[in-house]
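Before any comments, here is the structure.
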Amino acid sequence: MTYDTMNETLRSLILGIPHPLANLANAAALLWEGLDRLNWAGFYLTVPGKDLLVLGPFQGKTACIEIPYGRGVCGTAAAEQLTQVVSDVHLFPGHIACDSASASEIVIPLRRGKGGPVVGVLDLDSPEKNRFGEEDRQGLETFAAILGESLPDDFPARLL
Ligand code: SME
């Protein structure tokens with residue numbers, strides 16, 4: 001599936017749905033269905049008032065539950081508020097190996113509203129090295145922005 005198609009599908013999936021957890025779960029399923037060569041796709045969400053990520057909706061194998069900001073690829077993306085594209089996770093200092101099949105990874109900060117605070121990250125893992133490039137970064141940053149704009153002002157306070 002192209003990113004244009006996936007992002008349009010996401011828009012129609014979440015349009016008018018006031019249930020952020022359901023929307024994140026469907027978003028993870030859409031990524032899993034629409035992209036190839038993945039072994040994990042989903043979200044870690046920021047615990048309000050803490051520099052800590054907690055496992056959110058995802059597809060793939062069971063994963064680690066808590067990731068402090070600054071740790072691993074997810075924690076780095078959250079702390080630096082910048083997308084991380086890692087072509088070989090074994091070369092990334094502090095990479096957290098939830099699934100030993102993971103070889104490359106992309107993590108995009110998830111912001112609430114239009115450019116609001118970081119409320120989590122979108123994480124995709126692949127069993128192939130160099131799976132994610134510039135097209136993926138752009139497509140997934142748009143995906144995260146669409147989702148972020150759908151999140152209510154109190155997200156994720158009433159979930160975690
Ligand atoms: N590898 C990630 C941890 C999350 S799992 O891949 C699902 C990291 O280093 O942050």
Side-chain angles (χ1 to χ4, degrees), residues 1 3 6-7 10 13-14 20-112 116-148 150-151 155-157 159-160:
M1 197 186 286
Y3 280 107
M6 202 164 61
N7 286 332
L10 176 67
L13 256 179
I14 66 178
L21 189 60
N23 288 339
L24 291 175
N26 266 338
L30 177 62
L31 291 166
W32 188 250
E33 200 184 339
L35 298 176
D36 58 9
R37 295 170 289 144
L38 298 183
N39 63 308
W40 205 89
F43 299 91
Y44 279 87
L45 303 175
T46 303
V47 178
K50 289 192 183 180
D51 286 345
L52 181 67
L53 295 165
V54 174
L55 183 62
F58 71 95
Q59 300 270 313
K61 288 190 181 173
T62 54
C64 40
I65 293 168
E66 293 189 341
I67 300 179
Y69 273 36
R71 286 268 330 273
V73 188
C74 290
T76 301
E80 295 183 0
Q81 307 196 356
L82 285 174
T83 296
Q84 306 290 311
V85 182
V86 180
S87 55
D88 182 348
V89 295
H90 300 110
L91 302 179
F92 188 94
H95 166 251
I96 303 164
C98 289
D99 182 346
S100 59
S102 298
S104 61
E105 181 164 358
I106 184 167
V107 182
I108 297 98
L110 177 66
R111 291 181 177 278
R112 191 177 63 217
V118 171
V119 290
V121 298
L122 167 59
D123 178 19
L124 287 93
D125 290 23
S126 171
E128 265 181 35
K129 279 188 198 169
N130 289 305
R131 164 66 181 82
F132 305 104
E134 193 48 37
E135 193 192 347
D136 301 286
R137 175 206 288 269
Q138 285 180 20
L140 293 166
E141 285 183 349
T142 302
F143 190 94
I146 295 168
L147 212 43
S150 78
L151 298 174
F155 181 88
L159 294 178
L160 299 175

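In listed order, ligands and their atoms are each counted from 1. All residue numbers refer to positions in the sequence shown, counting from 1. Because only heavy atoms are used, hydrogens play no part in the values below, and waters and symmetry mates are left out as well, while side chains stay in.
Trp40 contributes a side-chain N or O that, together with a main-chain N or O of Lys61, makes up a donor-acceptor pair within less than 3.5 Å. A distance-only check finds a donor-acceptor pair linking the side chain of Asn39 to the backbone of Ser126 [under 3.5 Å]. Panel note: side chain Gln84, backbone Leu82; a donor-acceptor pair is recorded below 3.5 Å. Judged by distance alone, the side chain of Arg131 and the main-chain N or O of Asp36 form a donor-acceptor pair under 3.5 Å. Here the side chain of Asn26 pairs no donor or acceptor atom with the backbone of Asn23 at under 3.5 angstrom.
Heavy atoms of Ile96 found under 4.0 angstrom from ligand 1 belong to the backbone as well as the side chain.
Considering only non-hydrogen protein atoms, atom 8 (C) of ligand 1 sits nearest to Val73 N, 3.4 Å. Nearest to atom 5 (S) of ligand 1 among the protein's heavy atoms is Cys98 SG, 3.2 Å.
Listed by number with element, the atoms of ligand 1 under 4.0 angstrom from any heavy atom of Cys74 are 8 (C), 10 (O). The contact set between ligand 1 and Asp123, taken as ligand atoms under 4.0 Å from a residue heavy atom, comprises 4 (C), 5 (S), 6 (O), 7 (C). Using a 4.0 Å cut-off to heavy atoms of Glu105, the atoms of ligand 1 that qualify are 1 (N), 2 (C), 6 (O), 8 (C). Of all atoms in ligand 1, listed by their number and element, those nearer than 4.0 Å to a heavy atom of His95 are 1 (N), 9 (O). Residue contact check: Gly72 has heavy atoms under 4.0 Å from atoms 9 (O), 10 (O) of ligand 1.
Distances between N or O atoms of Asp125 and those of ligand 1 include at least one value under 3.5 Å.
Counting non-hydrogen atoms of neighbouring residues, nucleotides and ligands closer than 6.0 angstrom, the CD atom of Gln81 exceeds 12 such neighbours.
For the pair Tyr44 and ligand 1, a heavy-atom separation below 4.0 Å is found.
Contact of the Phe43 side chain with the Asp123 side chain is not registered, since no non-hydrogen atoms from C-beta on lie closer than 4.5 Å.
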